[in-house]
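One structure is given below, encoded as structure tokens.
Every chain is numbered from 1, with letters handed out A, B, ... down the list of sequences. Values reported hereafter were calculated over all heavy atoms of this structure, with side chains retained and with hydrogens, waters and symmetry mates removed.
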2 protein chains.
Amino acid sequence: MSAPPASARNDKSDVVAAAMRVLAENGLPGLSMRRIADELDVQVSALYWHFPNKQSLLAAVSAQIVGSGEADAGDLTALAVSLRDRLLAHQDGAEVVSSSLALGLLELPARADLVRAAGELGLDAVPAEVAADTFVHYVIGYTFHEQQRLHAAVAGAADDSVDLVPDRVNEREGDFEAGLAMVVAGARISASVSDR
Amino acid sequence: MSAPPASARNDKSDVVAAAMRVLAENGLPGLSMRRIADELDVQVSALYWHFPNKQSLLAAVSAQIVGSGEADAGDLTALAVSLRDRLLAHQDGAEVVSSSLALGLLELPARADLVRAAGELGLDAVPAEVAADTFVHYVIGYTFHEQQRLHAAVAGAADDSVDLVPDRVNEREGDFEAGLAMVVAGARISASVSDR
DNA sequence: ACCTGAACACCGTTCAAGT
DNA sequence: ACCTGAACACCGTTCAAGT
């Protein structure tokens, strides 16, 4: 719709935008440099003028996915739910973000808020960081797993060999929140224990 | 050492063993069907007689990595630590296992024990499963992140452009256990709350 | 500042054919 | 039962050269 004429030259943000479109339509397995180049009507090699390699492009995509903080920055649960919502809003969002994070190419905007919120529970600096990372691992791990389950379901629907009990499919509705509540409870306890 | 003569034919377990060797030496990025075939002195296409595709081979590798339960099956912490040790014992173990798990191609032997241990804390069937999965997500998420940090460190040492503060490198020693303790505390609380 | 064109060294998967 | 040989449709990355 708002795609620029093919004659226009592109900058970094155009490349990221094209990558987001390819991700939305093809998922992470389909997010190749060639497809991104095609989306921009450009040769693959052109992408390497903007980014030194694919991972750094993926890091820029990840930054866009996790966005900048919006949730109530004082509430651990709200922060975690909001992070999860951002991941769920994009195909394979959790996997993309997970790898960028692990490679140290992405600063998670919500992490600082999580550390602060954990601190307000009464945790010292180091335990608050540990708590924040525990939250992040839980949220990303859970969402990653869930999004891959979607893939498997789609693939299973395409061929026949699968017979996934459909009555259990949306039975997991509140499982994320339940597990999250458990982790929050753990953080509270740690705080009150170190208190005395 | 105990490699069979190149003339011998292979079965599934030979293929998995070769894949484990390739994984140990080259990591997940180097674990290609061609390298596995080379390791067996065989054409790539031969692998497809044993496994329908790469993912199912990876699932067999994953099953080998997570092994069969050995730890004290009644202790949540011991189970989680033991799972983590198995993942750490293999290059990119967490990533390999994570994808097989998410695709539903791997049954985690420790999961049943985790559910049981959570039940013994006083949790009902469904909350015990949620607790078990929360543990699994934490362990895999944490270890995955840690193993990718290793990659980044190795890659960073190879080129120069990296300057990762070395004084923080092994400062994380007890962070896994600390986060784990938090999650365990959360499970305990959930149990005692639903108790009354 | 941004892109082309061509090449290099790889991938996973399929399939007819062999023993 | 297990493997070969050849092909297909892809990959990420590099580099000299163009405008």
**Q.** Rounded distance (Å) that lies between atom P of D:dC3 and atom CG of B:Leu40
**A.** 8 Å
Q: Measure from CH2 on A:Trp49 to C1' on D:dG12 and round the result to the nearest Å.
A: 20 Å
Q. For D:dC3, does either OP1 or OP2 sit under 4.0 Å from a side-chain N or O belonging to B:His50?
A. yes
Q) Which whole-number value in Å describes the distance from A:Phe51 CZ to C:dC2 P? A) 12 Å
Q: Measure the distance from CG on A:Leu47 to C1' on D:dG12 and round it to the nearest whole Å.
A: 11 Å
Q: Count the heavy atoms belonging to other residues, nucleotides or ligands that lie under 6.0 Å from CZ of B:Arg188, then report whether that count exceeds 12.
A: no
**Q.** B:Leu58 CG to C:dT13 P, straight-line distance once rounded to whole Å
**A.** 10 Å
Q: Could you tell me the separation between the CZ atom of A:Arg34 and the C1' atom of C:dT4, rounded to a whole number of Å?
A: 14 Å
Q) Rounded to whole angstroms, how far apart are CE on A:Met33 and P on C:dC8? A) 20 Å
Q | Test item: A:Val136 and A:Leu101 side chains (from C-beta on) under 4.5 Å apart, heavy atoms | A | yes
Q: Select one nucleotide: of D:dT13, D:dC3, C:dC3, the one nearest the side-chain heavy atoms of B:Ala46.
A: D:dC3
Q.
My understanding is that a pair needs two contacts under 3.5 Å, Watson-Crick or G-U wobble. By that rule, which nucleotide pairs with D:dA1?
A. C:dT19
Q: Respond yes when some side-chain nitrogen or oxygen of A:Gln43 is under 4.0 Å from OP1 or OP2 of C:dC3, and no when none is.
A: no
Q. When the P atoms of C:dA9 and D:dC10 are considered, how many whole Å apart are they?
A. 22 Å
Q) Between atom CE of B:Met20 and atom CG of B:Leu23, what is the distance when rounded to the nearest 0.5 Å? A) 6.5 Å
Q) Say you pick atom P in D:dC2 and the same atom in C:dA17; how far apart are they, in whole Å? A) 22 Å
Q) Between A:Leu31 and B:Val42, who's closer to the 5' end of DNA chain D by nearest nucleotide? A) B:Val42
Q. Whole Å only: how far is the NZ atom of A:Lys54 from the P atom of D:dC10?
A. 15 Å
Q | Selected nucleotide, minimal atom distance to A:Tyr48 side chain, candidates D:dT13, C:dG12, C:dT19 | A | D:dT13
Q. Hey, does the side chain of B:Asn10 come within less than 4.0 Å of D:dC3's phosphate (OP1/OP2), counting only N and O?
A. yes
Q. Given D:dT4, C:dT13, C:dC3, which nucleotide is nearest the side-chain atoms of B:Asn53?
A. C:dT13
Q. Touch check for A:Ser45, heavy atoms < 4.0 angstrom, all strands: base, sugar-phosphate only, or nothing?
A. base
Q) Which nucleotide, in any strand shown, forms a Watson-Crick or G-U wobble pair with D:dA6, with both distances under 3.5 Å? A) C:dT14
Q.
I'd like to know whether A:Arg116 forms a salt bridge (Lys or Arg N to Asp or Glu O under 4.0 Å) with A:Asp113, so could you lay out the CA-CA distance, the side-chain angles of the two residues, the decisive distance to 0.1 Å, and finally the verdict.
A. CA-CA 5 Å; A:Arg116 216 170 311 132; A:Asp113 292 332; 3.3 Å; yes
Q) What about B:Tyr138 and B:Phe176, are their ring centers closer than 6.0 Å? A) yes
